[in-house]
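See below for the structure under consideration.
Chain naming here is simple, since letters A, B, ... match the order of the sequence lines and numbering starts at 1 in each. Any value given below was found using the heavy atoms of this structure, including those in side chains, with hydrogens, waters and symmetry copies removed.
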Amino acid sequence: MIALPVLIPLFTAILLVFSNQARYQKIIGVSGAFAIFATSLFIISNVGGKQIEVLQSSNWEAPFGISLVVDTFSALMLVITGFVSFALAVYSLFYIDEKLITHRYFLFFHTLLMGVNGAFITGDVFNLYVWFEVMLMSSFVLITLGSKPLQLKGGIKYLTMNLVASLFFLAGIGILYGKTGTLNMAHLAVILQNDEQAILMNTSTMLFFMAFGIKAAVFPFFFWLPSSYHTPPVAVTAFFAALLTKVGVYAMIRVFTLFFIQDPQFWHTLLLAVAGLTMVVGGMAAASHYEIRRILSFHIISQIGYMIFGLGVFTPLALAGAIYFMIHNMLAKTNTFLVAGHINRLKGTYKLKSIGGLYKSYPLLGILFIIPAFALAGVPPLPGFFGKFFLIKAGFEAEKWFISGVAIFTGVLTLFSMIKIWNEAFFKKGLEEVPEQGLRERLPLRELLPSMMLGAGTILLGIGAGVFFDYFIEAGNQLMNSDQYIQVVLKNFEYVAN
Amino acid sequence: MKTIILQMALPYIRFILIFFSVITLFRGHNFPGGGFIGGLMASGAFIFQALAWDVNSSRKTLRTQPSVLIGSGLMMALLSAIPGILTGKPFLTGTWVKIPLFADHTLKLGTPLLFDIGVYFTVAGVVLMFIYTLMEEWQWK
C-alpha cells in the first residue's frame with residue numbers, strides 16, 4: 001500500500017512512453033497526478049498521526065532488504081507533494097507548449113515525482129541515494145527540455161553542482177557502510193546509539209551535510225539555485241521550487257534526527273549558524289533583485305534557512321514548526337511562481353521595471369498573488385505567521401536568542417521583497433507601452449484554477465493551524481523519539497547492543 | 001563502414017548474439033549473466049546491422065520503436081511486483097511456479113525471471129535508442 005506513491009508515477013510514466021499524442025499525454029499525466037494525491041490522502045488517513053507503517057519490500061526482513069517506512073512526517077510530505085504536483089500538472093496544461101508535451105514533458109514530470117516520493121518513503125540510505133539520482137536525471141531533462149541556449153547553461157550548472165552533491169553523498173554512505181556494515185536507517189540508528197566511537201562518524205556526517213546542503217541550497221552551497229531556476233518554463237521552475245530543495249531538507253531532518261545524533265553540541269551549533277546565514281544572505285539577495293523569478297529564487301534560499309533553524313534548535317516544537325513551515329512554503333512559494341507565470345503571459349516579461357498597473361486591470365490576479373505573498377511574509381492568519389511563530393517560540397524556549405532574532409529580522413526582509421513585487425507589478429501606475437504581439441488581453445478563469453487551489457490550500461493551512469497542528473507535533477515527537485521508528489522497522493530482527 | 005564481409009556475416013552474427021543473449025538472460029538467476037548483460041548483447045545484434053547496412057534497415061528488422069521496448073520492459077518489471085501483493089505479501093516478493101517436465105526435471109518459473117526479462121527489454125531499448133539517435137544525428141556512413 002505505502003509503495004503506491006512510487007508505483008503510480010512509474011506506471012503513469014510507462015503509459016506515457018507508448019504514445020506521443022499531446023491529448024493522450026495530457027489526460028494520462030493529469031489523471032496520474034490526481035491518483036497520487038488521492039493515494040497520499042489515503043495513506044495519511046491510515047497512518048493517522050500515530051503509527052508508523054513499514055513495508056519490507058520483496059519480503060526481505062530489515063535490515064537485509066529495503067524497508068519503506070511512512071511515519072507522520074513522511075505522510076505529511078506525501079500529501080503536500082501530491083497536492084502541489086496535481087495543481088502543477090493542471091497548470092502545465094496551459095503553460096507548457098504543445099511541442100514540449102509531445103516530447104514527453106509529463107513522463108519526466110512523473111519520474112521526478114517518483115524520485116521525490118521515493119525519497120520520502122525510503123528507510124534505507126542507499127535507496128535514498130538512488131531516488132536522489134532518479135530526481136536529478138529527470139529534473140535535468142525537465143530543465144533543458146526545449147534546448148534553448150539559456151536553458152542549457154542553467155542546466156549544466158544545475159547538473160554539475162548536483163553531481164558533486166551525489167558524489168559527497170555516495171562517499172558518505174561508503175564510509176558509513178564500511179564502519180557499521182548496514183544501510184538500513186533504523187539499524188544504523190541502533191548501531192550508532194550504542195557505539196562509543198560514533199563520533200568517528202563525523203566525517204560521514206559532514207559529507208552527508210554537504211550533500212544535502214547542496215541539494216537544499218543552504219548558505220555556502222546555494223549559488224547554483226538562482227543561476228539555474230530562472231531558465232526553464234515557469235511551470236518547471238515552480239515544480240522545482242516546490243519539491244527539490246525540500247527533499248534535501250527532508251533528508252537532512254531525517255538523518256540528523258535518526259542516526260547522526262552523536263556530538264550534538266557541534267552539529268546543532270553548525271546547523272544554527274548555517275541557518276542564520278542562509279536566511280540573511282538569501283533575504284538580502286532577494287531584496288536587491290528586480291526580476292521576479294530571481295527574487296523568488298533567492299527567496300527560496302532564505303526560507304530554507306528557517307527549516308534548518310528548526311532542525312538546529314532540535315526540540316519537538318521546533319521540528320514541528322520546521323515541518324509546518326516546509327509545507328506552507330511548498331504551497332505559497334509554488335503559487336508565487338505560478339502568478340509570475342500569469343504575469344509573464346500578460347506582459348511578456350518578468351522584469352519588474354516594465355510591469356505595472358496589474359491590480360487595476362486584473363484584481364483577481366492581485367488577490368491570488370497577495371495570498372501567498374502575505375503568507376510568506378508572515379501576516380496572520382496566514383500560515384507563514386504560525387510557522388515563524390512556532391519556530392521562534394521554540395528558539396526562545398531553547399534560549400537561542402541570537403538566531404531567533406535573526407529569524408525575526410529576516411521576516412522583515414521577506415516582507416520588503418514581497419511588497420516590492422506588489423508595488424512594482426500591481427500597484428504602480430501602468431506604463432505607457434506599445435502592446436506587443438502575441439500577448440494575452442485577459443486570463444481565462446480555468447488557467448487561474450491551479451493558483452486558486454494552492455491559495456485555498458494556504459488559507460486552509462493557516463486558519464486550520466490549530467486543528468492540523470496535532471499532526472505536526474506528533475511528527476516532531478516521532479522524530480525526536482526514534483525508538484518507535486526503530487522498533488517498527490526492526491520488529492523481527494534480534495539486534496544485540498554491543 | 002560498409003564492407004561486404006560484415007554484410008554477409010551479419011545473419012550469423014545476429015543469430016549468435018541473440019541466441020546467447022537469451023541464454024545469458026536465463027542462466028542469470030544463479031550464475032553470472034542476467035537481464036542487463038543479455039539486453040546489451042541483444043542490442044549489439046541490431047547495432048551490427050546498423051553498422052553493416054544503415055539505421056533504417058536495422059529499425060526495419062527490429063519491427064518496433066525502441067521506446068516501445070523500453071515501455072514494455074518496464075511494464076513487465078512492474079508486473080513482476082504484482083503477484084507478491086496478490087498473495088498478501090509485500091510487493092516484489094518472489095513467487096515461484098514449478099512445472100514438472102519429463103523424468104526428474106522441473107521448470108521453475110518465477111517473478112524474478114519476469115523482472116529480468118523486463119530489464120532485458122528495457123536495456124536493449126535504451127541502448128538502441130541512444131545508438132539510433134546518435135547515428136541518425138551524425139548521418140553515420
Side-chain angles (χ1 to χ4, degrees), chain A residues 1-21 24-25 28 32 39 43 53-62 64-70 102-104 106-108 110-111 114 117-118 121-124 127 130 134 137-138 141 147 488-489 491-492, chain B residues 28-30 34-36 39 59 62-97 110-130 132-134 136-137:
Chain A
M1 181 66 221
I2 61 173
L4 281 179
V6 178
L7 294 179
I8 293 175
L10 178 61
F11 184 67
T12 320
I14 295 172
L15 285 184
L16 291 172
V17 170
F18 285 108
S19 158
N20 56 4
Q21 284 175 3
Y24 169 87
Q25 297 270 328
I28 303 275
T39 325
I43 287 176
E53 288 220 359
V54 63
L55 186 145
Q56 313 287 6
S57 62
S58 308
N59 215 6
W60 289 94
E61 287 299 336
F64 303 109
I66 294 171
S67 320
L68 304 180
V69 191
V70 174
T102 54
H103 277 82
R104 305 212 164 80
F106 274 115
L107 197 162
F108 297 104
H110 277 279
T111 46
M114 174 171 79
N117 281 344
I121 62 175
T122 189
D124 184 281
N127 198 231
V130 172
V134 170
M137 287 308 138
S138 28
V141 175
S147 308
V488 170
V489 176
K491 175 169 57 193
N492 295 329
Chain B
H29 191 65
N30 292 327
F36 191 90
R59 274 189 196 274
L62 187 63
R63 291 217 183 93
T64 166
Q65 293 289 324
S67 63
V68 176
L69 280 185
I70 300 177
S72 43
L74 286 173
M75 191 61 96
M76 276 185 233
L78 185 62
L79 279 182
S80 75
I82 307 295
I85 299 178
L86 292 184
T87 50
K89 299 205 177 89
F91 82 114
L92 275 175
T93 305
T95 318
W96 293 91
V97 187
T111 51
L113 180 65
L114 186 62
F115 188 87
D116 238 11
I117 297 175
V119 173
Y120 178 91
F121 280 112
T122 312
V123 170
V126 169
V127 172
L128 285 177
M129 194 181 233
F130 287 166
Y132 286 171
T133 317
L134 287 175
E136 275 163 2
E137 189 80 9

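By the 6.0 Å contact criterion, OH on A:Y24 is enclosed, its count of non-hydrogen atoms from other residues, nucleotides or ligands being greater than 12.
Proximity to chain B is limited to the side chain of A:L68, based on heavy atoms less than 4.5 angstrom apart.
Counting all heavy atoms, side chain and backbone alike, B:L78 lies closest to A:F11 at CD2-CD1, 3.6 Å.
Put simply, OG1 on B:T122 and CD1 on A:I14 are 8.0 Å apart, with the number rounded to the nearest 0.5 Å.
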